[in-house]
2 protein chains.
Amino acid sequence: MDILELESFLPYRLYRLADAVSREFSKVYKDRHGLTRPEWRTLSGLGQRGTMTATALGEQSAMHKTKVSRAVAELERRRWLVRTPDEDDRRVEHLTLTKAGLAAYREMVPLAKAFERELLAKLSVGERGSIARGLAALESGLTSDKNGP
Amino acid sequence: MDILELESFLPYRLYRLADAVSREFSKVYKDRHGLTRPEWRTLSGLGQRGTMTATALGEQSAMHKTKVSRAVAELERRRWLVRTPDEDDRRVEHLTLTKAGLAAYREMVPLAKAFERELLAKLSVGERGSIARGLAALESGLTSDKNGP
DNA sequence: TTTCGATGGCTACAAATGAAACCAGTTTGG
DNA sequence: CCAAACTGGTTTCATTTGTAGCCATCGAAA
């Protein structure tokens, strides 16, 4: 009889790994600032790009509109970002971190980098290369057929 | 100023990839049988191993107890599995797929394998090897320090 | 034994998520 | 010019998830 070995099934392995890593990293921003993942991604996106619209944020960080909307609302409530209406299109808002938001971002960046470094530190150089190539390959394999007919 | 490039941040990349793949694959078991992911994993685990306790299922498929509990309850409601109390320890229940459950499992296995095959089909042999090695390396890097002092 | 800490499994409540509907505002085609 | 289709963003509601606490049972230690 034909069976499936869950432990070596790629979707499962990927998910489990990502879940473990993400859960571990979430401690960093949760413990430090009580952020949720969508909030962290929003902070990160704005810190990186300077100013973005909600839609752009959603695309960059692969989040559903509603996640973005709620994350932005919360960061605004904390006064970590401000919205400035677009001149030409009144539906659009440009989001920018405030001083406080930027401070939080600046504090998070080294922690994030350290986390990633530690994660990779356990691997050999060859292994690091393997992940880089493997992930890139899978990523491009996926995104290319996202656009259906 | 120091910034973090979200798009190349490993935890983010992993999560996004896993999420996309998992979401795509979930269509298979959702469309076919209206299963949730925990339910699918439960089915898969039992199909693979024959008989397991809820705790064992949780460990094998990396699911929280409550997810397991609820998934098992649902599969039992569908009469896809039965519980048999352990002889020695009356807290423990052994879970086994019924004929119906097994039929569903048998139907799913080829679909799962086909999905994985297609996912990998877009990659070169070298790239496939890279993922295999990369994932394995990260996995062992993680599990080894899960056991804190 | 009795008692006390673990363990298997469930449930109740709170928080996070997704789908779909919605509201403005904008574009397009007649 | 105006209706219809579309887009940015929010809200509502149902579903899913996690946390914490519960219950029953078990094992060990007194």
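Everything numeric in this text was worked out from a predicted model, so none of it was measured. Just so we're on the same page: letters track the sequence lines, and every chain starts at 1.
More than 12 heavy atoms of other residues, nucleotides or ligands shown are found within 6.0 angstrom of CZ on B/R83.
Donor-acceptor pairing under 3.5 Å is lacking for the side chains of A/E5 and B/Q48. Side-chain contact of B/R133 with A/S130: a donor-acceptor pair under 3.5 Å is present, judged by distance alone.
Candidate nucleotides D/dT16, C/dG8, C/dG18 were compared by shortest atom distance to the side chain of B/T36, and D/dT16 ranks first. Among C/dT17, C/dG8, C/dG18, the nucleotide with an atom closest to any side-chain atom of A/P38 is C/dT17. Among D/dT17, D/dG18, C/dA19, the nucleotide with an atom closest to any side-chain atom of B/R37 is D/dT17. Which of D/dG18, C/dG9, D/dT11 sits closest to the side chain of B/E93 comes down to C/dG9.
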Audit row: A/L75, A/L46, side-chain contact (heavy atoms from CB on, under 4.5 Å) steps and yes/no: CA-CA 11 Å; A/L75 295 191; A/L46 292 180; 5.5 Å; no

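Protein atom CD of B/E59 is 11 Å distant from nucleotide atom C1' of C/dG8, rounded to whole Å. Summarising the geometry, the separation between CE on B/M63 and P on D/dT17 is reported as 10 Å, rounded to the nearest angstrom. In this entry the distance linking CG of B/L95 with P of C/dG8 reads 13 Å, nearest Å. Taking atom CD of residue A/E74 and atom P of nucleotide C/dA15, one finds them 13 Å apart after rounding to whole Å. Look at CG on A/L57: it is 13 Å from P on D/dG8, rounded to the nearest Å.
A close approach under 4.0 Å does occur between a side-chain nitrogen or oxygen of B/R83 and OP1 or OP2 of C/dC10. Checking the phosphate oxygens (OP1, OP2) of C/dC10, a side-chain nitrogen or oxygen of B/S69 falls inside 4.0 Å. An OP1 or OP2 oxygen of D/dT16 is reached within less than 4.0 angstrom by no side-chain nitrogen or oxygen of B/K67.
Looking at heavy atoms from C-beta onward, B/Y29 lies out of side-chain contact with B/E39 at the 4.5 angstrom threshold. Within the 4.5 Å cutoff, the side chain of B/F25 has heavy atoms near those of the A/F9 side chain.
If you check every strand for non-hydrogen atoms under 4.0 Å, A/T66 touches a base.
When the nearest nucleotides of DNA chain C are assigned to B/T55 and B/D19 by heavy-atom distance, the more 5′-ward of the two goes with B/T55. Take the nearest nucleotide of DNA chain C for B/V68 and for A/H64: the residue whose nucleotide is more 5' is B/V68. Each of A/K30 and A/V72 was assigned the nucleotide of DNA chain D with the nearest heavy atom; the assignment lying further toward the 5' end belongs to A/V72.
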Grab the N/O contacts between the protein and nucleotides 21-28 of chain D below 3.5 Å, and write none if there aren't any.
from	atom 1	to	atom 2	distance (Å)
D/dT25	O2	B/R91	NH1	3.1
D/dC26	OP1	B/D88	O	3.3
D/dC26	OP1	B/R90	N	2.6

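In the interface, the side chain of A/R70 is paired with the base of C/dG18 through a donor and an acceptor atom under 3.5 Å apart.
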Pairs of donor and acceptor atoms involving the side chains of residues 109-121 of chain B, under 3.5 Å and at least two apart or interchain, shall be tabulated with distances.
from	atom 1	to	atom 2	distance (Å)
B/K113	NZ	A/D2	OD1	2.9
B/K113	NZ	A/I3	O	3.0
B/E116	OE2	A/L10	N	2.8

